[in-house]
Amino acid sequence: MAKLWVKFQRYFRRKPVRFFTLVALYLTAGSLVFLHSGFVGQPAVAENEPNPAAGAPEGAELPYQDLLHLERGFRETPESPNAVRRYGPWLKSSSSKDSPERGRLGDYGGTWSRALKGRVIREKEEERAKYVGCYLDNPSRRALRGLSFFDYKKMTVFRCQDSCAERGYLYAGLEFGAECFCGHKIQGANASQAECNMECKGEKNNICGGVNRLSIYRLELAQESARRYGSAIFRGCFHRPDNLSLALPVTATMLNMSVDKCVDFCTEKEYPLAALGGKACHCGFPNTRFRLHDQEDEQLCAQKCGGEEYESCGTPNYFIVYQTQVQDNRCMDRRFLPGQSKELIALASFPGAGNTWARHLIELATGFYTGSYYFDGSLYNKGFRGERDHWRSGRTICIKTHESGQKEIEAFDAAILLIRNPYKALMAEFNRKYGGHIGFASQAHWKGKEWPEFVKNYAPWWATHTLDWLKYGKKVLVVHFEDLKQDLFTQLERMVSLLDVDVFEDRLLCVEGQKDGNFKRSGLRKLEYDPYTPEMQNTINSYIKMVDRALKLRNLTGVPDDYYPR
């Protein structure tokens with residue numbers, strides 16, 4: 001065999017032309033086979049069977065193999081392995097008759113069909129959004145002033161575009177590889193394309209802006225008729241401010257006034273408040289002249305709209321106020337402390353008591369990042385940049401902790417102690433433990449052995465956590481979660497005062513409008529039954545009385561009334 005191989009080599013060494021001819025023939029044959037596989041027709045189908053290439057008849061089910069191809073073709077990135085990709089409303093179709101591409105694609109298994117499918121998807125994405133350029137972005141005065149959210153691990157161009165489009169915005173912009181901003185108009189100057197040079201965190205070979213630079217797309221098919229502002233939030237009835245032109249700087253008279261018209265007008269003008277006063281529509285920001293704290297009886301605003309029969313449009317002296325989709329950016333800039341802090345201040349709470357929400361509020365109110373005794377990658381990816389710093393770094397305004405031992409508590413110079421109703425806190429932490437920061441535990445977990453075991457171990461900790469901080473803490477400010485929800489402005493003022501930071505009142509008013517952040521559970525999946533047994537309730541009620549007694553011994557307000565009885 002070896003001798004034969006040597007003779008073969010010698011033959012082609014002497015006759016190189018024959019060797020290259022043989023190689024050329026081999027490659028040509030391979031190309032013909034490849035082309036044949038691409039252009040060959042669809043597999044034969046029996047006369048009495050539907051042909052998937054021609055589009056299945058309405059109501060008919062595709063074979064299991066084809067369902068797999070369909071699902072694989074439109075599946076999301078690994079972020080959501082079980083979710084089907086959601087295109088904007090302009091790309092949805094109810095059947096194969098509405099979507100000619102579906103019939104053209106047929107069975108996605110063939111080489112030619114896969115190539116065609118990829119081209120059609122690219123065409124659709126190009127239709128959905130048009131790249132308009134690289135723009136300057138100032139953190140204190142954003143170029144796009146609507147919705148914003150961050151994801152430092154999984155941000156993609158599509159995800160940003162989709163989020164902005166489904167809320168009716170005209171523009172979507174990406175920055176720093178991981179930040180998404182939406183808006184109805186661009187309020188920033190053009191920058192060199194070379195300055196938008198950061199790859200998206202969630203996809204290779206795609207650019208997501210740069211440092212203070214936005215890659216902006218216009219959402220071409222977000223038609224005017226689809227841009228409804230139904231997510232405007234009703235804020236209440238308020239007395240006309242004394243200096244109207246300073247309190248609400250933009251005004252328009254509308255003879256056929258309606259809530260939609262005023263909200264649309266103020267949204268287009270990029271203001272977060274729309275105030276209806278009879279035939280006048282006023283736009284502005286919450287400020288010291290119009291604080292939205294002294295709500296009036298709604299009957300004082302009960303005047304029918306000129307262009308809408310069943311809505312109130314206020315009067316010249318009493319305004320109906322709505323909060324638009326426009327984000328108030330006066331409190332959105334955040335940074336690390338300029339110098340090392342001399343004091344370590346804890347933001348202490350039992351798990352599930354709203355620590356993440358409180359951090360969000362403090363960061364907005366002060367403009368400085370909060371830190372953590374731990375490291376939670378999901379929180380860092382969502383914008384809590386101080387999460388990655390060591391808790392003793394001194395670069396953050398306060399440090400999240402759930403610790404409750406004497407040694408751990410005495411390591412801090414002061415603390416904000418956040419206390420929440422244990423019934424709510426235990427359920428929130430159970431949901432986080434089994435469903436993530438904004439997810440939910442499954443019914444199997446609630447009904448199984450996990451829930452009783454959880455209550456048994458965590459309920460005593462709820463009490464000892466508060467008692468330890470009251471006993472060993474050097475300077476402790478007690479804030480009840482329920483009071484923070486009900487009177488955010490006052491409680492946030494108390495918290496900021498302990499942090500020893502000068503904050504303008506306008507910034508605190510801005511926080512009220514942006515208070516929810518990205519870590520609020522929807523509330524749509526509330527349990528339809530009380531998971532607490534009578535034995536659990538008796539045990540938890542005894543812990544509530546214990547904490548209430550300890551608070552009052554320190555001349556502090558006891559627990560809120562709604563903690564018990566149950």
Side-chain angles (χ1 to χ4, degrees), residues 77 79 88 125-126 128-220 222 270 272 325-336 360 363-364 367-370 377-389 510 513-514 516-519:
T77 53
E79 161 187 294
E125 294 201 358
E126 286 170 5
R128 186 187 67 246
K130 180 181 178 182
Y131 182 69
V132 296
C134 185
Y135 285 79
L136 298 175
D137 189 39
N138 184 342
S140 60
R141 191 167 178 79
R142 293 290 181 186
L144 295 176
R145 300 178 188 172
L147 169 82
S148 68
F149 66 95
F150 312 142
D151 194 327
Y152 290 95
K153 189 175 181 181
K154 299 176 181 177
M155 181 62 73
T156 66
V157 172
F158 173 81
R159 182 182 174 194
C160 180
Q161 291 173 353
D162 195 42
S163 297
C164 295
E166 71 180 12
R167 289 167 175 82
Y169 289 105
L170 285 179
Y171 294 97
L174 297 108
E175 183 173 336
F176 201 63
E179 301 175 0
C180 177
F181 298 88
C182 313
H184 294 289
K185 61 182 177 181
I186 304 171
Q187 301 190 57
N190 281 103
S192 166
Q193 186 56 46
E195 295 177 46
C196 284
N197 55 10
M198 297 188 73
E199 198 172 66
C200 301
K201 298 292 185 182
E203 60 183 336
K204 302 280 187 183
N205 305 319
N206 236 338
I207 297 299
C208 284
V211 179
N212 294 334
R213 297 294 182 269
L214 278 169
S215 297
I216 296 184
Y217 295 82
R218 179 180 172 85
L219 306 172
E220 292 290 340
E270 300 285 341
Q325 285 184 323
V326 176
Q327 188 164 268
D328 188 344
N329 286 307
R330 295 175 300 170
C331 58
M332 297 305 290
D333 59 302
R334 292 169 296 167
R335 61 195 185 282
F336 288 102
H360 166 75
E363 290 193 1
L364 294 185
F368 295 115
Y369 289 119
T370 58
S378 66
L379 292 180
Y380 177 82
N381 292 334
K382 300 298 182 186
F384 287 94
R385 302 290 297 281
E387 190 76 15
R388 192 170 271 184
D389 265 40
C510 165
Q514 315 298 326
D516 287 341
N518 296 321
F519 287 91

Exercise. Would L214 and I186 count as a side-chain contact (heavy atoms from CB on, under 4.5 Å) if you check the C-alpha gap in whole Å, the side-chain angles of each, and the deciding distance to 0.1 Å?
Worked result: CA-CA 10 Å; L214 278 169; I186 304 171; over 6 Å; no
Problem set entry | Between CG on residue L379 and CZ on residue R388, distance to nearest 0.5 Å | 12.5 Å
Exercise. When rounded to the nearest 0.5 angstrom, what is the spacing between NZ in K130 and CZ in R218?
Worked result: 9.0 Å
Exercise. Looking at side-chain heavy atoms only, is the closest gap between F150 and K382 below 4.5 Å?
Worked result: no
Exercise. Hey, what do you get for C180 versus C160: SG atoms under 2.5 Å apart or not?
Worked result: yes
Exercise. From F158 CZ over to Y217 OH, what is the distance, rounded to the nearest 0.5 angstrom?
Worked result: 13.0 Å
Exercise. Can a salt bridge be assigned to the pair E195 and R213 using a cut-off of 4.0 Å between side-chain N and carboxylate O?
Worked result: yes
Exercise. Atom CG in N212, atom CZ in R142: separation rounded to 0.5 Å?
Worked result: 7.5 Å
Exercise. Given the rule in the side-chain contact (heavy atoms from CB on, under 4.5 Å) test, do Y369 and D389 qualify, once you have shown the distances and angles that lead to the verdict?
Worked result: CA-CA 10 Å; Y369 289 119; D389 265 40; over 6 Å; no
Exercise. Of all heavy-atom pairs between Q161 and A172, which one has the smallest distance, and what is that distance?
Worked result: CA-CB, 4.0 Å
Seminar exercise, completed: One should read off an interatomic distance between L219 CG and Y171 OH, to the nearest 0.5 angstrom, of 9.5 Å
Problem set entry | E199 side chain to N205 backbone, donor-acceptor under 3.5 Å | yes
For this session: Please confirm whether the backbone N or O of N138 pairs with a side-chain atom of R141, one donor and one acceptor, at under 3.5 Å?
Result: no
Exercise. NZ of K185: more than 12 outside heavy atoms within 6.0 angstrom?
Worked result: yes
Exercise. Which one of Q327, E179, E175 satisfies the side-chain hydrogen bond (donor to acceptor under 3.5 Å, both in side chains) criterion with S148?
Worked result: Q327
Exercise. Given T370, which of R334, E387, E363 fulfils the side-chain hydrogen bond (donor to acceptor under 3.5 Å, both in side chains) condition?
Worked result: E363
For this session: Determine the minimum heavy-atom distance between S215 and G209, stating which atoms define it.
Result: OG-N, 2.8 Å
Problem set entry | Nearest atoms (heavy-atom pairs only) where H360 meets Q514 | NE2-O, 3.0 Å
Exercise. Any idea which heavy atoms bring I207 and C200 closest together, and the distance?
Worked result: C-SG, 3.6 Å
Exercise. Within the distance-only criterion (no hydrogens, no angle test), does the side chain of N197 pair as donor or acceptor with the backbone N or O of G210 below 3.5 angstrom?
Worked result: no
For this session: Mind running side-chain contact (heavy atoms from CB on, under 4.5 Å) on R159 and D151 for me, showing each step along the way?
Result: CA-CA 10 Å; R159 182 182 174 194; D151 194 327; 2.7 Å; yes
Problem set entry | Heavy-atom check, side chain of F176 versus side chain of M155, under 4.5 Å | no
Exercise. Does R385 make a cation-pi contact with Y152, if we ask for NZ or CZ under 6.0 Å from the ring centre and within 45° of the axis?
Worked result: yes
Exercise. Taking all non-hydrogen atoms of both residues, which atom of Y131 and which atom of I216 are closest, and how far apart?
Worked result: CD1-O, 3.5 Å
Exercise. Nearest heavy-atom pair of L174 and C208: which atoms, and what distance?
Worked result: CD2-SG, 3.4 Å
